[in-house]
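Inspection log for the structure reproduced underneath, given as structure tokens.
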Amino acid sequence: SSLGILIVRHLKRLQRVILGYLEVSDGPKEEARLAILETLQCTIEHAWPRMPCRLPVLLKALLRLLWDVHMERGPTPEPVRAALLDRATQCLILLDRCSQGHVKMLLEGVHSSCEENRVRECLRKVQESS
């Protein structure tokens with residue numbers, strides 16, 4: 001598809017933008033982070049052959065996001081928090097698919113040592129995805 005070709009051409013710049021948005025909360029509604037997770041999902045779907053080499057960076061950013069959302073004690077409403085966790089989990093599942101299960105392998109140790117229930121639950125979903 002032409003979208004795939006366009007995404008690949010701008011992937012390096014797009015990745016920088018995505019990572020920048022994932023790092024910073026943009027208020028209780030988290031509109032920017034929810035939108036950027038959707039963008040990331042689309043990017044993975046359209047440029048999946050180019051994703052395995054970007055795996056370490058994206059995996060780290062998504063895990064940090066899961067952790068930050070879980071730890072944040074701010075004014076973000078529960079449904080928004082749940083949506084962030086869910087979208088980040090979906091991105092991890094897609095990354096796992098396009099890397100032939102590499103994400104599951106990398107997350108094995110993290111899952112078993114993680115004591116935070118919400119983060120653990122997200123990781124479990126990735127582990128159990130097919």
Side-chain angles (χ1 to χ4, degrees):
S1 76
S2 60
L3 181 60
I5 292 164
L6 284 171
I7 286 177
V8 168
R9 190 179 303 151
H10 300 288
L11 203 49
K12 200 175 275 184
R13 190 178 305 144
L14 184 59
Q15 179 180 304
R16 273 202 306 271
V17 172
I18 288 171
L19 294 174
Y21 274 100
L22 287 180
E23 283 173 12
V24 185
S25 170
D26 63 300
K29 291 187 180 158
E30 289 285 11
E31 286 153 336
R33 282 213 287 200
L34 286 168
I36 210 72
L37 282 166
E38 211 171 304
T39 303
L40 177 56
Q41 204 167 333
C42 246
T43 304
I44 298 167
E45 286 168 357
H46 285 93
W48 62 267
R50 301 292 174 99
M51 286 298 129
C53 66
R54 299 178 188 284
L55 195 60
V57 179
L58 293 173
L59 184 58
K60 188 175 162 190
L62 287 165
L63 288 175
R64 174 168 286 147
L65 174 74
L66 288 178
W67 184 254
D68 288 350
V69 170
H70 163 74
M71 291 304 285
E72 188 201 54
R73 296 285 168 254
T76 305
E78 184 49 43
V80 175
R81 211 176 283 242
L84 281 170
L85 292 173
D86 184 57
R87 284 202 189 154
T89 304
Q90 289 309 312
C91 287
L92 286 169
I93 289 170
L94 284 172
L95 281 173
D96 184 64
R97 282 189 199 141
C98 68
S99 66
Q100 281 88 43
H102 205 69
V103 172
K104 284 187 182 123
M105 244 170 45
L106 292 169
L107 288 182
E108 266 171 17
V110 180
H111 182 252
S112 58
S113 65
C114 179
E115 290 170 10
E116 305 301 334
N117 280 342
R118 289 195 81 169
V119 177
R120 202 185 167 107
E121 181 60 22
C122 294
L123 299 179
R124 187 188 60 74
K125 285 179 188 165
V126 177
Q127 295 288 9
E128 292 177 359
S129 68
S130 52

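Numbers for residues simply follow the sequence, beginning at 1. Quick caveat, the model's predicted, so the values are computed rather than measured.
Panel note: side chain Arg120, backbone Cys114; a donor-acceptor pair is recorded below 3.5 Å. In this structure, the side chain of Asp96 does not engage the main chain of Val126 through any donor-acceptor pair within 3.5 Å.
Salt bridge Glu72/Arg81: present, at least one basic N to carboxylate O contact under 4.0 Å. Residues Glu121 and Arg118 are not paired through a salt bridge, judged by the lack of any N-O separation under 4.0 Å between the basic side chain and the carboxylate. The residues Glu128 and Arg124 are annotated as salt-bridged, a charged nitrogen and a carboxylate oxygen being separated by less than 4.0 angstrom.
Note on Val110: it clusters hydrophobically with Met71, by side-chain heavy-atom contacts below 4.5 Å among ILVMFWY residues. Neither Leu66 nor Met105 shares a network with the other; the hydrophobic side chains, linked directly or stepwise wherever heavy atoms of I, L, V, M, F, W or Y lie under 4.5 Å apart, form separate groups for each. Leu59 and Trp48 fall into different hydrophobic clusters, where Ile, Leu, Val, Met, Phe, Trp and Tyr residues are linked whenever their side-chain heavy atoms come under 4.5 Å apart, directly or through other members.
Leu62 and Cys91 get closest at one heavy-atom pair: CD1-CB, 3.8 Å. The shortest heavy-atom contact between Pro52 and Ser99 is CG-CA, 4.3 Å. Considering all non-hydrogen atoms of both residues, Leu22 and Arg33 come closest at O-NH1, 2.9 Å. When every heavy atom of Pro56 is checked against every heavy atom of Cys53, the shortest pair comes out as CD-O, 3.8 Å.
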key: Step-by-step side chain to side chain contact (heavy atoms under 4.5 Å, CB included) determination, Leu55 to Met51   = CA-CA 6 Å; Leu55 195 60; Met51 286 298 129; over 6 Å; no
request  = Would you sort out whether Leu11 and Arg54 count as a side chain to side chain contact (heavy atoms under 4.5 Å, CB included), showing the intermediate values?
outcome  = CA-CA 10 Å; Leu11 203 49; Arg54 299 178 188 284; 3.1 Å; yes
task = Show your reasoning for whether side chain to side chain contact (heavy atoms under 4.5 Å, CB included) applies to Leu92 and Leu58.
result = CA-CA 9 Å; Leu92 286 169; Leu58 293 173; over 6 Å; no
task = Could you walk me through whether Leu107 and Leu63 pass side chain to side chain contact (heavy atoms under 4.5 Å, CB included), step by step?
result = CA-CA 10 Å; Leu107 288 182; Leu63 288 175; 3.8 Å; yes
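The CG atom of Asp68 sits 9.0 Å away from atom CD of Glu23, with the distance rounded to the nearest 0.5 Å.
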Donor-acceptor pairs under 3.5 angstrom involving side-chain atoms of residues 36-45: please list them, not counting sequence neighbours.
from: Glu38; atom 1: OE1; to: Arg87; atom 2: NH1; distance (Å): 3.4
from: Thr39; atom 1: OG1; to: Ala35; atom 2: O; distance (Å): 3.0
from: Thr43; atom 1: OG1; to: Thr39; atom 2: O; distance (Å): 2.7

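Glu108 has its side chain within reach of Gln127: a pair of non-hydrogen atoms, C-beta onward, lies under 4.5 Å apart. Put simply, the side chain of Ser129 reaches to within 4.5 Å of the side chain of Lys104, judged on heavy atoms.
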